[in-house]
Structure formats: structure tokens, C-alpha cells
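Since the structure comes first, as C-alpha cells, the remarks are kept for the end.
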Amino acid sequence: PEGTSSLVERLGERKVLAARVGRAEERVRKLKAVQSHRKKADAKELRELIGKWRQCCQDVALELHGAVSATRSDVMSLGQMLDSVNIPREALGYDENTDDFG
């Protein structure tokens, strides 16, 4: 009958709408999570923390270079020492021209 087909169509529409609402709710949840993360990981604070990390790593690298140099008969540059322990030079701001951190 005609009423049954209309009911089936409405049920089908309801399923489609429920799926759309579910997707929209999931998107809102993700956007809220991103917004929350951005508030926590403020870009300025992140830059400051990276600077502190880099300075600490530079200090340790210089200390390690001094210790390694004291035990070797041949001269190893700071850049060579970084390479030997697989530390990317650019990650620590190493300057090849001065063999130091810039």
C-alpha cells in the first residue's frame, strides 16, 4: 500500500540524516580537540621550548666534543663529532665556517 512505501521512504531518510548527524558530530568533536590542543601548545611557548632544547643539546655536544678531543690523538671538528653520533648539524644550529653553534 501507499502508506507503507511512504513509511519506508521516511525510515530511509531518517537513516541518511542520522548518518549525516553522526558525521557532523564527529567533525565537531575533532575540531574541539584541535582547538584544545592549540590552546595547550601555544606557538610562542613551543618556540621557547625548542630554543631551550637546542641550547641544552649544544651545551652537551660541546661537553662531549671536549671529552672526545681529550682522548684522541687526531683532531676531530665539532661537525665531525656530530656526524659520528648521527646528530643532524642543522638541528643544533651548527655553523661550518666557525665550527661552532651560530
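The chain is numbered in sequence order, starting from 1.
Salt-bridge annotation for E26 and R23: absent, with no side-chain N of the basic residue lying under 4.0 Å from a carboxylate O of the acidic one.
There is no path of hydrophobic side-chain contacts, each under 4.5 Å, that joins M76 to V60. L62 and V85 fall within the same hydrophobic cluster, where Ile, Leu, Val, Met, Phe, Trp and Tyr residues are linked whenever their side-chain heavy atoms come under 4.5 Å apart, directly or through other members.
Between L92 and F101, the closest side-chain pair of non-hydrogen atoms falls below 4.5 Å. Side-chain contact check for Y94 versus D83: every heavy-atom pair is 4.5 Å or farther apart.
Using a distance-only test at 3.5 Å, with no hydrogens or angles considered, a donor-acceptor pair links the side chain of S84 to the main chain of M81. Distance alone, capped at 3.5 Å, places no donor-acceptor pair between the E25 side chain and the G22 backbone. Using a distance-only test at 3.5 Å, with no hydrogens or angles considered, a donor-acceptor pair links the side chain of R54 to the main chain of A91.
Atom-to-atom distance recorded for H65:NE2 and Q58:CD is 14.0 Å, nearest 0.5 angstrom.
Closest of all the heavy-atom pairs between T71 and V68 is OG1-O, 2.9 Å. Contact record, D99 with G79: OD1-N, 3.3 Å, taken as the closest heavy-atom pair.
Within 6.0 Å of CZ in R20 there are 12 or fewer heavy atoms belonging to other residues, nucleotides or ligands.
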